[in-house]
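What follows is a short report on a single structure.
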Amino acid sequence: MKDRLKREFYTRDTLLVAKELLGKYIIRKIAKRFLVGKIVETEAYIGPEDKASHSYQWKITKRNLAEFLEGGHIYIYLCYGMYWQLNITTSKNCTPECVLVRAIEPINEFKIKNVTLPAGRQELKISTPASAGASAGRQNSKFKIRNLTNGPGKLCDWLKLDKSFYGEDLVTSKRIWLEDGEKILPLQIIATKRIGIDYAEIWKHKPWRFYIKNNPFVSVE
DNA sequence: GTACAGATTGAG
DNA sequence: TCAATCTGTACT
């Protein structure tokens, strides 16, 4: 696991980490198989000072406790009673800042360097209800691959993430971690307002959402 | 115990 | 545009 991102990557400034997460690979190991996705969209939540954050004004609840872990841990929570949201903690211990992963691009081939798959191991095939059904030739738009991971709730479904990952350490976990991916140039990074936080007053205008320009897996334009 | 909002999503 | 769906939180 030579290329696994180390603690030092995560324990830096949250906005910097949010930008540098773009292009990184999420590796999810399920039994003897791997799911791999490239991060293409993120949002930064800057703890106590950010009204959109769950830890605004140092609010501490049973739900948001994982936000306070040092950089490199998973803060996952259920939204609207239906969708899990994958967050990666940043900065130092007891600094409740994190990055929401809003969209990933599924990687068909396992092209992570320096990782050899032992015999008998293989990547998970990316399957869609349409391909599984093998029905008529025309693919219904709602079954397109991009619709599997182009939103924070959907990517958690695809990666099979749930409450059991609460507080998981990406630096040491055997079932999920991040590896170095494609270098994203500053010119390829678009910064905009965050999604779905209209209640956050002045904070809703902060350009703390980042995505890779022209990437088809970004959630909304 | 009850009420209610919410870092979403897909259908209409 | 709108409702599904359920946990955490703040109430009574």
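Letters A, B, ... are given to chains in the order of the sequence lines, protein chains preceding strands, and every chain is numbered from 1.
The phosphate of C/dG8 (OP1 or OP2) has a side-chain N or O of A/Lys163 nearer than 4.0 angstrom. The phosphate of B/dA7 (OP1 or OP2) has no side-chain N or O of A/Arg209 nearer than 4.0 angstrom.
Among the atoms of the strands shown, only primed sugar atoms or phosphate atoms (P, OP1, OP2) are found under 4.0 Å from some heavy atom of A/Arg63.
Which of B/dG6, B/dG10, C/dA4 sits closest to the side chain of A/Lys154 comes down to B/dG10. Of the candidate nucleotides B/dA7, C/dC6, B/dT9, B/dA7 has the atom nearest to the side chain of A/Leu100. Listed candidates were B/dA7, C/dC6, B/dT9. Nearest to the side chain of A/Gln85 is B/dA7.
Comparing A/Gly81 and A/Lys62 along DNA chain C, the residue whose closest nucleotide (by nearest heavy atom) sits nearer the 5' end is A/Gly81.
Stacking annotation: A/Tyr80 is not stacked on the base of B/dG6 (requires ring centroids less than 5.5 angstrom apart and an interplanar angle below 30 degrees).
Judged purely by distance below 3.5 Å, without hydrogens or angles, the side chains of A/His54 and A/Tyr45 never pair a donor atom with an acceptor atom.
With salt bridges taken as basic N to acidic carboxylate O contacts below 4.0 Å, none links A/Glu179 and A/Lys24.
As rounded to whole Å, 12 Å separates atom P of C/dC6 from atom CH2 of A/Trp84.
Centroid-to-centroid, the aromatic rings of A/Tyr10 and A/His73 stay 6.0 Å apart or farther.
Aromatic ring orientation, A/Trp58 versus A/Phe68: tilted (interplanar angle from 30° to 60°).
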